[in-house]
Amino acid sequence: MSGNGHAAEADGLVQDGRVHRAVYVDPTIFEREMRQLFGRAWLYLGHESQIPNPGDYFTTRMARENVIVARHRDGAVHVLFNRCRHRGAVLCADASGHAPRFVCCYHGWTYDTDGALVDVPLPEGYPGGAPTSPGHDLARVKRVESYRGFIFASLAADGPALAEFLGAMTTSIDDLVDRSPTGEVVVAGGISKHAYNGNWKLVFENNNDLLHPHFVHASSIAAARERERASPGEGPGRVAMRQMLANGAPMPVWEGLGLWTQRFGHSFMGDFHDRRTFPVDPDDPVEAEYRTRLTARVGAARAAEILAVGRFNSIVYPSLSFMSMFRQLRVVHPIAVDRTEIHTHTFRMVGAPERMFRDSIAFANTVNGVGSLVLTDDLETYERIQLGLATQGGDWVELGRGLGGDVADAGGMLRGATGTSEIHVRNQFAAWRHYMAGPES
Amino acid sequence: MTPELAAIEAFLVREAALLDGRKLEEWLGLFTEDARYWLPISPDQDSGTEQLSLIYDDRALLEMRVRRAQHSLFHAQRPPSRTVHLVSNVRLAEEQPAGALAVLSNQLIVEYRNGKSRSYAGTCRHELAPGGAAGFRIRLKRLDLIDADGVHEGITVIL
């Protein structure tokens with residue numbers, strides 16, 4: 001299909017206030033998304049605290065490409081395709097580790113942590129000259145940039161710089177980092193992984209959807225309300241109960257929340273917790289101690305400014321969904337048109353009271369754990385959507401809530417008419433159409 | 001098998017039967033007030049409070065889990081699952097904690113729901129405190145799945 005053909009196709013699939021169900025279920029569209037969208041956009045890979053020292057590395061995926069993210073001895077972070085240049089074996093089989101060199105298991109080709117080929121066994125066996133650097137270095141991902149320790153990469157040689165791509169989303173990353181009393185956050189507590197049998201777009205649509213909790217999470221909200229009459233104790237049940245109560249906020253709360261979008265499909269929402277439902281009670285001594293430590297570093301005025309930011313979830317389309325106030329981050333990996341994998345990271349605020357990290361772990365298990373009382377109903381919903389959209393009975397998915405009511409706001413952002421507007425989904429599809437209509441990568 | 005181990009095994013088999021029979025309130029009654037129900041995300045994980053878990057419930061959360069399981073709008077259990085637990089290789093742990101009996105068993109749980117079957121296999125550690133009608137109350141139930149660090153779909157039954 002020609003470039004214009006793709007533009008026409010994308011225009012036909014994404015219309016004002018609705019999208020064709022094919023975008024969720026058609027494998028050929030998924031293949032094109034891998035090239036046009038995931039092949040171009042900046043994708044989140046991980047945080048620099050995961051590789052603090054030279055030789056530290058972790059492996060991950062950019063869409064379906066296996067990559068190594070390694071810190072070289074000069075401190076630079078390199079993103080390398082995880083594939084030996086000799087006969088193609090995956091070079092690095094571990095999820096993370098430390099290695100001065102990467103040695104292929106097959107014939108011992110050896111690479112430095114910046115991808116440079118440094119050794120080939122029996123080089124005299126090549127009559128025309130043995131392979132050398134840089135011609136046979138590991139292939140490097142075209143562009144790598146960090147923002148405050150958050151590492152992004154793009155498979156495309158050209159495109160907007162990371163700062164332009166992120167735009168006002170940097171304020172959400174700032175929110176996550178600035179809350180630390182030392183200004184430092186580190187990934188801690190392991191990485192949990194879950195998957196659902198549904199399209200990758202569904203999780204991004206749901207994560208900033210403020211109408212769904214009342215319906216999807218009805219059972220856990222009811223369980224928490226019942227529990228609230230007894231003592232929730234001081235363990236993980238306290239954090240879980242408060243979050244599940246928060247999901248049961250009355251409709252006017254959801255309607256009144258801010259939901260902002262910007263270019264490239266990104267969005268963030270306001271926060272809906274109150275005294276009763278915030279994971280930590282404002283009068284808790286731990287909370288007081290935390291505020292004291294933060295104030296000691298930045299001063300009272302700046303501390304108040306930092307703590308006044310209320311932002312439950314932010315989406316950097318199409319790879320990252322994170323809860324800056326609660327230090328949770330989810331990396332979304334598309335596997336197939338009907339299969340998506342999600343990795344959850346939790347951050348520790350260096351210098352904060354220890355219990356705050358334990359609360360973060362409990363919070364992550366509550367909202368992002370695969371056995372959680374909350375997430376499991378989201379996953380069920382995604383799978384029902386996928387099954388539903390694969391059947392006939394209407395070709396269009398309706399995205400008209402709040403259509404026409406978007407309000408221009410600071411920083412070039414648009415705000416939904418109400419918190420339950422589907423503005424963020426329409427905005428994701430505007431970006432989707434832009435990527436998909438472009439010339440073939 | 002010693003009479004003591006036979007009694008423990010009978011207790012574990014009964015606990016599993018309560019889960020398979022969906023007698024969750026009765027199952028909950030087997031646990032102490034300070035109990036933990038834990039599915040770690042990695043082998044040899046040493047903390048449920050400082051590291052992520054598939055599930056890490058204290059008594060309050062476990063009670064909410066049981067209440068929710070009985071709610072008509074628990075979407076991920078409509079239709080409900082059926083499970084069968086196989087409990088075997090019951091033995092005492094080499095190192096025993098204070099105030100409780102640590103018992104290991106191998107468990108294979110098969111779940112059927114909505115046209116699909118799925119299995120969970122792992123080593124289960126029970127820490128049993130004296131008490132209760134059966135002679136034991138569960139202080140800890142920790143199930144280390146062999147694929148703990150793998151990628152899981154939603155876990156909506158109690159294992």
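In what follows, chains are A, B, ... by sequence order, proteins preceding strands, each numbered from 1.
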Original post:
If you count heavy-atom pairs under 4.5 Å between each of B/Leu62, B/Leu61, B/Asp58, B/Val157 and chain A, which one has the most?
Top reply: B/Asp58
**OP:** Verify whether one side chain among A/Thr182 and A/Ser180 offers a donor that lies under 3.5 Å from an acceptor in the other.
**Re:** yes
**OP:** Assess the pair A/Phe347 and A/Phe150: is the distance between their ring centroids shorter than 6.0 Å?
**Re:** yes
Subject >> Heavy-atom pair count under 4.5 Å with chain B, highest-scoring of A/Gly233, A/Gly190, A/Pro236 >> reply: A/Pro236
Original post:
Checking heavy atoms, do the side chain of A/Ala362, its backbone, both or neither come under 4.5 Å from chain B?
Top reply: neither
Subject >> For chain B, the option from A/Glu354, A/Glu341, A/His217 that forms the most heavy-atom pairs under 4.5 Å >> reply: A/Glu341
Subject >> chain B contact via A/Arg225 - which portion, at a heavy-atom distance below 4.5 Å >> reply: neither
Subject >> Sidechain N-carboxylate O distance under 4.0 Å for B/Arg82, B/Asp20 >> reply: no
Subject >> Between B/Thr156, B/Val151, B/Leu73, the one whose heavy-atom pairs under 4.5 Å with chain A are most numerous >> reply: B/Val151
**OP:** Against chain B, label A/Ser192 side chain, backbone, both or neither, depending on which of its atoms sit under 4.5 Å from a heavy atom there.
**Re:** both
**OP:** Could you look at A/Asp378 and say if it's the side chain, the backbone, both or neither that has a heavy atom under 4.5 Å from chain B?
**Re:** neither
Subject >> Side-chain H-bond candidate by donor/acceptor type, A/Arg330 with A/Asn313, under 3.5 Å >> reply: yes
Subject >> Top contributor to chain B contacts, counting heavy-atom pairs under 4.5 Å, from A/Gly369, A/Ala188, A/Gly235, A/Ala222 >> reply: A/Gly235
Subject >> Salt bridge B/Arg91-B/Glu9, side-chain N to carboxylate O under 4.0 Å >> reply: no
Original post:
Considering only heavy atoms, which portion of A/Arg355 lies under 4.5 Å from any heavy atom of chain B: side chain, backbone, both, or neither?
Top reply: neither
Original post:
Side chain, backbone, both or neither: which part of A/Ile191 has a non-hydrogen atom closer than 4.5 Å to chain B?
Top reply: backbone
Original post:
Between B/Ile55, B/Leu159, B/Leu39, B/Thr49, which shows the greatest number of heavy-atom pairs under 4.5 Å with chain A?
Top reply: B/Thr49
Original post:
Any Lys/Arg nitrogen of B/Glu153 or B/Lys116 sitting under 4.0 Å from an Asp/Glu carboxylate oxygen of the other?
Top reply: yes
**OP:** Under 4.5 Å, counting heavy-atom pairs only, tell me which of A/Thr376, A/Ile221, A/Asp359 racks up the most with chain B.
**Re:** A/Thr376
Original post:
Between A/Arg339, A/Glu383, A/Arg238, which has the largest tally of heavy atom pairs under 4.5 Å with chain B?
Top reply: A/Arg339
Original post:
Do A/His333 and A/His343 make the cut of ring centroids closer than 6.0 angstrom?
Top reply: yes
Original post:
With a 4.5 angstrom heavy-atom cut-off, which part of B/Ser42 approaches chain A: side chain, backbone, both or neither?
Top reply: neither
Subject >> Among the listed options A/Phe357, A/Tyr196, A/Phe215, the residue most often paired with chain B at heavy-atom distances under 4.5 Å >> reply: A/Phe357
Subject >> Contacting region of A/Leu375 [heavy-atom separation from chain B under 4.5 Å] >> reply: neither
Original post:
Between A/Trp200 and A/Tyr24, does the ring centre distance come in under 6.0 Å?
Top reply: no
Original post:
Given the options B/Gln51, B/Arg36, B/Arg68, which has more heavy-atom pairs under 4.5 Å with chain A than any of the others?
Top reply: B/Arg68
Original post:
Which is it for B/Ile158 and B/Val66 under the side chain to side chain contact (heavy atoms under 4.5 Å, CB included) test, yes or no, and what are the steps along the way?
Top reply: CA-CA 9 Å; B/Ile158 297 176; B/Val66 167; 4.2 Å; yes
Original post:
When you look at A/Phe326 and A/His273, which way does the ring pair (Phe, Tyr, Trp, His ring centres under 6.0 Å) test go after all the steps?
Top reply: CA-CA 12 Å; A/Phe326 305 99; A/His273 293 80; 5.0 Å; yes
Subject >> Among the listed options B/Glu63, B/Glu50, B/Gln77, the residue most often paired with chain A at heavy-atom distances under 4.5 Å >> reply: B/Glu50
**OP:** Answer yes when A/Arg348 and A/Glu184 have at least one side-chain N-carboxylate O distance shorter than 4.0 Å, and no when they do not.
**Re:** no
Subject >> Heavy atoms from other residues, nucleotides or ligands near CZ of A/Arg384 exceed 12 (cutoff 6.0 Å) >> reply: yes
Original post:
Checking heavy atoms, do the side chain of B/Ile41, its backbone, both or neither come under 4.5 Å from chain A?
Top reply: side chain
